[in-house]
Amino acid sequence: CHSMDIEELAVKPIKRNLWPDLEELFGLNGACGGCWCMFWKLRGKAYDESRGSAARQMHKSLVDAGTVTGLLAYLDGEVVGWVAVEPRRAYVKLAHSRALKPVDDEEVWSVTCFYVRKDYRRKGVTVGLLKAAVEHVRSQGGRIVEGYPVDVKDKAAPPFLFTGTASAFRQAGFEEVARNTPTRPIFRFVIK
């Protein structure tokens with residue numbers, strides 16, 4: 001069992017040359033059932049039809065084109081985690097979600113997904129990734145970072161926690177700003 005100091009986490013925005021690290025982290029199945037972190041970018045049928053290699057190729061072509069779709073976390077040179085963070089408009093599915101409808105007209109960046117290597121779960125990697133996401137948004141001139149964690153009382157299976165937990169967001173300094181359904185709060189971090 002590793003005890004880790006979150007300060008040792010090195011976080012890098014994904015670039016073309018780091019794509020193999022994302023593939024290594026996500027594994028052959030592409031993280032959660034072949035999603036390849038395209039869940040929020042495609043709606044309904046388009047998503048169902050593109051799981052697996054098509055989703056991988058879509059994500060890869062975004063990265064190849066220079067879009068930073070998220071950040072990778074490394075510990076001792078090994079990739080251990082991923083967070084997806086982009087301006088909210090990059091995620092079409094959010095635009096059509098009743099539970100996660102926009103809080104206001106502010107320009108926000110959205111943290112939509114996390115994926116942490118099995119042996120590093122529940123060790124604070126998510127909190128480290130959230131703090132890094134805030135710094136990334138700050139460096140891009142963004143002002144509001146938003147997240148959509150699941151607020152669970154019991155220990156839910158990890159795949160269903162891909163949007164992060166409310167407690168991780170609180171630990172990273174985010175505050176709840178809205179809740180349209182009982183288990184899906186919207187959290188924000190306003191960059192001063």
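No hydrogens, no waters, no symmetry mates; every other heavy atom, side chains included, goes into these values.
- In this structure the side chain of K131 never reaches within 4.5 angstrom of the side chain of V11, judged on heavy atoms.
- R170 contributes no side-chain N or O that, together with a main-chain N or O of G173, makes up a donor-acceptor pair within less than 3.5 Å.
- At a threshold of 4.5 Å between non-hydrogen side-chain atoms, the residues L75 and Y120 count as touching.
- Evaluation of the salt bridge (Lys or Arg N to Asp or Glu O under 4.0 Å) rule for D105 yields no partner, not counting sequence neighbours.
- When side chains are defined from C-beta on, K41 counts as touching E86, because their heavy atoms get closer than 4.5 Å.
- When every heavy atom of A55 is checked against every heavy atom of C35, the shortest pair comes out as CB-O, 3.6 Å.
- A single hydrophobic cluster is seen to contain both L71 and W109, as judged by linkage of ILVMFWY side chains at heavy-atom distances under 4.5 Å, directly or through other members.
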Going through the distances and angles, do R88 and E107 end up as a salt bridge (charged side-chain N to carboxylate O under 4.0 Å, His left out)?
CA-CA 8 Å; R88 184 180 161 118; E107 187 72 27; over 6 Å; no

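- Going from atom CZ of R122 over to atom OG1 of T126 covers 10.0 Å, rounded to the nearest 0.5 Å.
- Applying the ring-ring contact (aromatic ring centres under 6.0 Å, His included) criterion to F174, with sequence neighbours excluded, gives F169, F189.
- Between T112 and L94 there is a side-chain heavy-atom pair separated by less than 4.5 Å.
- Paired with V79 under the rule side-chain contact (heavy atoms from CB on, under 4.5 Å), one option of L22, L72, L18 passes, and it is L72.
- Counting heavy atoms from C-beta outward, K101 and N180 have side chains that approach closer than 4.5 Å.
- Both the sub-6.0 Å distance and the 45° axial angle are satisfied by R121 relative to the ring of Y115.
- Within the 4.5 Å cutoff, the side chain of V134 has heavy atoms near those of the I191 side chain.
- Partners of F39 by ring-ring contact (aromatic ring centres under 6.0 Å, His included), not counting sequence neighbours, listed by chain and number: Y47, F162.
- Residue pairs that meet the salt bridge (Lys or Arg N to Asp or Glu O under 4.0 Å) test with at least one member in residues 20-29, sequence neighbours left out, are E23-R56.
- A search for side-chain contact (heavy atoms from CB on, under 4.5 Å) contacts involving A178 returns V103, I186, not counting sequence neighbours.
- Under 4.0 Å is where a charged nitrogen must lie from a carboxylate oxygen, and between E176 and R188 no such pair does.
- Using a 4.5 Å cut-off between side-chain heavy atoms of Ile, Leu, Val, Met, Phe, Trp and Tyr, with links allowed through other members, V85 and I144 fall into different hydrophobic clusters.
- Checking each of H136, Q140, E135 against R138 for a side chain to side chain donor-acceptor pair (under 3.5 Å) leaves exactly one that passes, namely E135.
- A side-chain donor-acceptor contact under 3.5 Å links Y148 and S110.
- The structure places CZ of R184 at 10.5 Å from CG of D151, a figure rounded to the nearest 0.5 Å.
- Between V125 and L9 the shortest heavy-atom distance is O-CD2, 4.1 Å.
- The shortest distance between side-chain heavy atoms of T165 and V150 does not fall below 4.5 Å.
- For E175, the CD atom sits in a loose shell: 12 or fewer heavy atoms of surrounding residues, nucleotides or ligands are nearer than 6.0 Å.
- Here the closest heavy-atom approach between residue A168 and residue V127 is recorded as O-CG2, 3.8 Å.
- When the salt bridge (Lys or Arg N to Asp or Glu O under 4.0 Å) test is applied to D64, the partners found at least two apart in sequence or on another chain are R16, K60.
- Using modelled atom types, no side-chain atom of T67 and backbone atom of V63 make a donor-acceptor pair closer than 3.5 Å.
- Residues L130 and F114 are in side-chain contact: their nearest non-hydrogen atoms beyond the backbone lie under 4.5 Å apart.
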What verdict does the ring pair (Phe, Tyr, Trp, His ring centres under 6.0 Å) test give for W40 and H59, after you've listed the backbone C-alpha separation in whole Å, the side-chain angles of each residue and the deciding distance to 0.1 Å?
CA-CA 12 Å; W40 297 99; H59 193 157; over 10 Å; no

